[in-house]
Number of protein chains: 2
Amino acid sequence: MTPTTPSASPAISTPGRAAASEARKRRIRDAALSLFSQFGLRGASLDAIADQAGVSKTNLLYYFPSKEKLYISVLQQILNTWLEPIRAIDANQTPEAAIRHYIRIKVELSRDHEQSSRLFCLEMIQGAPLLKEELQHDLRALVEEKSKVIEGWIAHGSLLPVDPHHLIYLLWGATQHYADFAVQIDAISGKTLSDPDFFEATVDNIQRIVLGGLLSR
Amino acid sequence: MTPTTPSASPAISTPGRAAASEARKRRIRDAALSLFSQFGLRGASLDAIADQAGVSKTNLLYYFPSKEKLYISVLQQILNTWLEPIRAIDANQTPEAAIRHYIRIKVELSRDHEQSSRLFCLEMIQGAPLLKEELQHDLRALVEEKSKVIEGWIAHGSLLPVDPHHLIYLLWGATQHYADFAVQIDAISGKTLSDPDFFEATVDNIQRIVLGGLLSR
DNA sequence: GTCTATACAAAGATAGAC
DNA sequence: GTCTATCTTTGTATAGAC
């Protein structure tokens with residue numbers, strides 16, 4: 001069995017090695033995400049991570065020189081995924097379309113990346129020792145930029161007056177709650193986002209409350 | 001120095017002892033809440049808890065026979081505080097007054113019991129191994145009861161149609177976010193709920209969005 | 001009730017053979 | 001690159017003196 005594509009040249013620096021190495025790293029990172037998101041940095045053991053990844057602990061430490069390096073590597077990957085939806089907000093959209101779309105995307109994230117959401121939440125709860133810097137620069141600038149867009153909509157009269165920061169926090173809180181508190185929601189409603197009907201009902205209700213409110217006028 | 005109230009009878013089973021014992025237990029529980037809420041059950045060490053409580057580790061283990069017993073003791077205390085606000089929802093209120101009040105109380109909880117909120121969140125993220133039972137019985141029944149109240153308001157026409165469960169989840173998510181993600185909010189807005197103006201702005205904006213929505217009709 | 005000493009296990013990390 | 005063996009630290013918990 002040759003794990004790589006057959007090549008004519010005999011030996012110019014090991015063909016599929018790098019790929020295999022990357023694959024193994026990915027397996028380790030996946031296992032790490034799974035356990036860190038459940039038990040946190042301190043609570044998850046390298047033993048358990050190595051075990052779940054199907055490698056030996058020593059081998060894990062060959063690819064990631066320390067537990068903290070591995071943790072940071074996992075966190076970095078998450079942050080990018082996390083900032084994408086808010087980047088998509090654009091002044092040329094109508095506020096209704098933009099917010100409607102944003103809510104759907106975020107609930108999709110809660111459904112498809114539950115573990116990432118939880119690890120991010122864990123890191124925040126601990127005071128974000130490893131992310132604070134990036135929050136204060138990148139994320140802050142991003143939120144500031146999108147707040148301007150929201151204020152534009154308000155000035156134009158297409159959105160009722162609201163503090164853009166608090167609107168963003170409400171959207172974050174409401175949507176991420178379905179990932180981080182999935183157990184509680186399951187205990188009460190008997191449903192999770194993996195149920196298509198429940199997913200649609202979630203999106204629809206958040207959209208309706210945020211956009212239309214609860215009181216008839 | 002007599003630490004207890006002077007008593008005529010000389011020695012009927014040590015007067016202020018029980019109180020002193022309770023006080024020490026409370027100090028330990030407080031320290032435990034502080035550290036468990038930061039690092040979780042596994043991540044917090046008895047060394048650190050004892051240190052913060054100002055007692056020796058051996059002494060801590062005299063009052064709480066094991067780490068897990070201590071953890072459970074802390075969690076139990078939280079759950080009661082947590083269910084109170086939703087109990088107050090009452091069919092005789094107008095929906096506007098009830099929801100307005102509920103939002104304020106919950107944001108107050110996020111401000112005054114940040115650590116409890118975080119420990120609760122941690123427990124949920126981990127799958128609530130120690131709380132699942134209670135969620136499925138007590139909390140579920142409570143939410144069901146209050147959902148009926150909300151449905152009554154909708155049938156009466158004083159509230160626009162919404163799924164009561166999703167409304168409750170949105171309120172939980174939006175309000176607790178200010179406790180659990182306080183670091184992130186501070187990084188972006190430069191404010192926390194301990195700032196009275198920011199607190200009021202938070203309450204006001206959530207109330208406005210949830211009750212009135214964002215679109216003019 | 002509180003302390004010192006200690007047993008005992010888990011966990012992160014390294015050395016060195018293959 | 002991967003493994004076995006091992007070092008070292010940390011952490012939970014108990015024994016027994018005072």
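We name chains A, B, ... by the order of the sequence lines, and we start the count at 1 in each one. Bear in mind the structure is a predicted one, so any value in this text is a computation, not a measurement.
In the set D/dG1, D/dA13, C/dA5, the nucleotide with an atom closest to the side chain of B/T58 is C/dA5. Among the nucleotides C/dT4, C/dA11, C/dT2, the one closest to the side chain of A/D47 is C/dA11. Side chain of B/S45, nearest nucleotide from D/dT2, D/dG11, D/dT14: D/dG11. Comparing D/dG1, C/dT2, C/dC3 by their nearest atom to the side chain of A/S21 picks out D/dG1.
Residue A/F64 is classed as having no contact, given no heavy-atom separation below 4.0 Å to the nucleic acid. Within 4.0 Å (heavy atoms only), A/L46 reaches sugar-phosphate atoms of the nucleic acid but no base atom. Note on B/A44: only backbone sugar-phosphate atoms sit closer than 4.0 angstrom, heavy atoms only; bases stay farther off.
At D/dT2, one or more side-chain N or O atoms of A/N59 fall inside 4.0 Å of OP1 or OP2 (strictly under the cut-off). Between B/S56 and C/dT2 there is no side-chain N or O to OP1 or OP2 distance below 4.0 Å. At C/dA10, none of the side-chain N or O atoms of B/R42 fall inside 4.0 Å of OP1 or OP2 (strictly under the cut-off).
As a whole-Å value, the separation of A/K57 NZ from D/dC3 C1' is 13 Å. Atom OH of B/Y62 and atom C1' of D/dG16 are 15 Å apart (whole Å). Here C/dC3 presents its C1' atom at 12 Å from CZ of B/R24, a figure rounded to the nearest Å. Note: CZ (A/R27) to C1' (D/dG1) measures 14 Å, nearest angstrom. Between the OH atom of B/Y63 and the C1' atom of D/dA13 there is a distance of 18 Å, given to the nearest Å. Rounded to an integer number of Å, the gap from CD1 of A/I28 to C1' of D/dT2 is 12 Å. Between the P atom of D/dG11 and the CG atom of B/L41 lies a distance of 14 Å, rounded to the nearest Å. Here C/dA10 presents its C1' atom at 14 Å from CD1 of A/I49, a figure rounded to the nearest Å.
Side-chain contact, A/T192 with A/D186: no donor N or O sits under 3.5 Å from an acceptor N or O.
No donor-acceptor distance shorter than 3.5 angstrom exists from the side chain of B/S73 to the backbone of B/K69, with no hydrogens or angles considered.
Shortest non-hydrogen contact noted between B/L135 and B/A128 is CD1-CB, 4.2 Å.
No donor-acceptor contact under 3.5 Å links the side chain of B/K67 to the base of D/dG11.
The residues B/R26 and B/E22 are annotated as not salt-bridged, no charged nitrogen and carboxylate oxygen being separated by less than 4.0 angstrom. Salt bridge annotation for A/E200-A/R104: present, with a cationic side-chain nitrogen under 4.0 angstrom from a carboxylate oxygen.
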